[in-house]
Amino acid sequence: QVQLVESGGGLVQAGGSLRLSCAASGRTFSNEAMGWFHQAPGKGREFVAGINWSGRYTYYADSVKGRFTISRDNAKNTVYLQMNMLKPEDTAVYYCAAKMKGLPSSNGDEYDDWGRGTLVTVSS
């Protein structure tokens, strides 16, 4: 099992930026594909971004392409989500997730471990 702890959420005005971090411990982090998901009030969990173990391959939901960037530092066991040009519709709890095998996926059921989430609120 890998333990994941998200941080960096908060309140920001539309057009602003936030950087989320997800610190991992437990299994060898550098072997894991990682993903960010969010869940808005009253809605289901949605894929935001994913990154493979080396950081070479990244994937994004259409709604965040060009605004969000996922990255990782395997020496620090941390994955990041840089969020720019934030919109009120980005308001959600953001979760990071670890996938032991293969490439990251937009299907949350394929991930093995989840953090508890960090709340991002974007005001208009």
Side-chain angles (χ1 to χ4, degrees):
Q1 186 177 11
V2 63
Q3 291 75 44
L4 303 171
V5 179
E6 302 94 337
S7 61
L11 174 64
V12 64
Q13 288 188 332
S17 298
L18 283 175
R19 188 176 82 154
L20 305 184
S21 299
C22 174
S25 60
R27 288 195 307 265
T28 305
F29 173 78
S30 57
N31 292 342
E32 314 266 339
M34 300 295 295
W36 284 99
F37 291 75
H38 70 197
Q39 186 166 15
K43 295 187 178 181
R45 182 180 60 197
E46 296 180 340
F47 172 76
V48 175
I51 189 166
N52 81 314
W53 68 271
S54 69
R56 181 175 181 180
Y57 299 106
T58 57
Y59 308 86
Y60 297 95
D62 288 342
S63 61
V64 306
K65 282 180 181 176
R67 300 189 298 122
F68 291 10
T69 302
I70 188 171
S71 62
R72 66 190 297 160
D73 185 338
N74 287 343
K76 295 182 178 179
N77 289 351
T78 303
V79 63
Y80 304 98
L81 185 68
Q82 177 67 45
M83 306 187 295
N84 298 329
M85 295 182 287
L86 282 160
K87 303 176 181 180
E89 51 264 43
D90 295 319
T91 294
V93 178
Y94 283 72
Y95 301 90
C96 71
K99 184 172 180 284
M100 285 192 290
K101 297 181 179 180
L103 292 173
S105 170
S106 61
N107 182 354
D109 292 339
E110 296 185 20
Y111 288 78
D112 301 285
D113 296 281
W114 292 81
R116 293 187 175 183
T118 185
L119 177 62
V120 171
T121 304
V122 184
S123 64
S124 58

Taking all heavy atoms of Leu86 and all of Arg67, pick out the closest pair and write down the distance.
CA-NH1, 3.9 Å
After noting the C-alpha distance and the side-chain angles of Asp73 and Thr78, does the key distance pass the side chain to side chain donor-acceptor pair (under 3.5 Å) rule?
CA-CA 5 Å; Asp73 185 338; Thr78 303; over 6 Å; no
Flag, side chain of Thr91 to backbone of Val122, donor-acceptor distance under 3.5 Å:
yes
Does a donor on one side chain and an acceptor on the other come within less than 3.5 Å for Asn52 and Ser54?
yes
Between Phe37 and Arg45, the two heavy atoms sitting closest are CB-CG, 3.8 Å
Any idea which heavy atoms bring Ser124 and Pro88 closest together, and the distance?
CB-CG, 3.9 Å
Check the hydrophobic clustering (I, L, V, M, F, W, Y; side-chain heavy atoms under 4.5 Å; chains of links allowed) and say if Val64 and Phe47 are grouped together.
no
Return the OG to CD distance between Ser63 and Glu89, rounded to the nearest 0.5 Å.
9.0 Å
Contacts of type salt bridge (charged side-chain N to carboxylate O under 4.0 Å, His left out), residue Lys43, not counting sequence neighbours:
none
Output side-chain donor-acceptor pairs under 3.5 Å for residues 92-99, partner residues at least two apart or in another chain, one line each.
| unit_1 | atom_1 | unit_2 | atom_2 | d |
| --- | --- | --- | --- | --- |
| Tyr94 | OH | His38 | ND1 | 3.2 |
| Tyr94 | OH | Asp90 | O | 2.7 |
| Lys99 | NZ | Lys101 | O | 2.6 |
| Lys99 | NZ | Leu103 | O | 2.8 |

Exercise: do Gln82 and Thr69 side chains pair donor with acceptor under 3.5 Å:
no
So CD of Glu6 and CG of Leu81: to nearest 0.5 Å the spacing works out to 11.0 Å
Nearest heavy atoms of Pro104 and Met34, plus distance in Å
CB-O, 3.9 Å
Grab the two heavy atoms, one from Ala33 and one from Arg72, that are nearest each other, plus how far apart they are.
CA-NH1, 4.2 Å
Between Val2 and Ser25, what is the shortest heavy-atom contact and its length?
CG2-O, 3.0 Å
For the CG atom of Asp112 and the CD atom of Gln1, what is their distance to the nearest 0.5 Å?
10.0 Å
So does Gly9 get a backbone contact from the side chain of Thr118, meaning a donor-acceptor N/O pair under 3.5 Å?
yes
State whether the side chain of Tyr60 and the backbone N or O of Ile70 hold a donor-acceptor pair below 3.5 Å, judged by distance alone.
yes
Gln3 vs Asp113 side-chain heavy atoms within contact, under 4.5 Å:
no
To the nearest 0.5 Å, tell me how far Tyr59 OH sits from Ser105 OG.
10.0 Å
Are the side chain of Arg56 and the backbone N or O of Ile51 linked by a donor-acceptor pair below 3.5 Å?
no
Flag side-chain contact, heavy atom, 4.5 Å: Thr121 against Val12
no
Taking only residues two or more places apart in sequence or in another chain, which ones pass ring pair (Phe, Tyr, Trp, His ring centres under 6.0 Å) with Phe68?
none
Working note: Trp36 + Leu20, criterion side-chain contact (heavy atoms from CB on, under 4.5 Å); need CA distance, chi angles, decisive distance, verdict.
CA-CA 10 Å; Trp36 284 99; Leu20 305 184; 3.7 Å; yes
Should Val48 and Leu18 be regarded as members of a common hydrophobic cluster, given that ILVMFWY residues are connected when their side-chain heavy atoms come within less than 4.5 Å of each other, either directly or indirectly?
yes
Intermediate values then yes/no, side-chain contact (heavy atoms from CB on, under 4.5 Å), Phe29 and Trp53
CA-CA 8 Å; Phe29 173 78; Trp53 68 271; over 6 Å; no
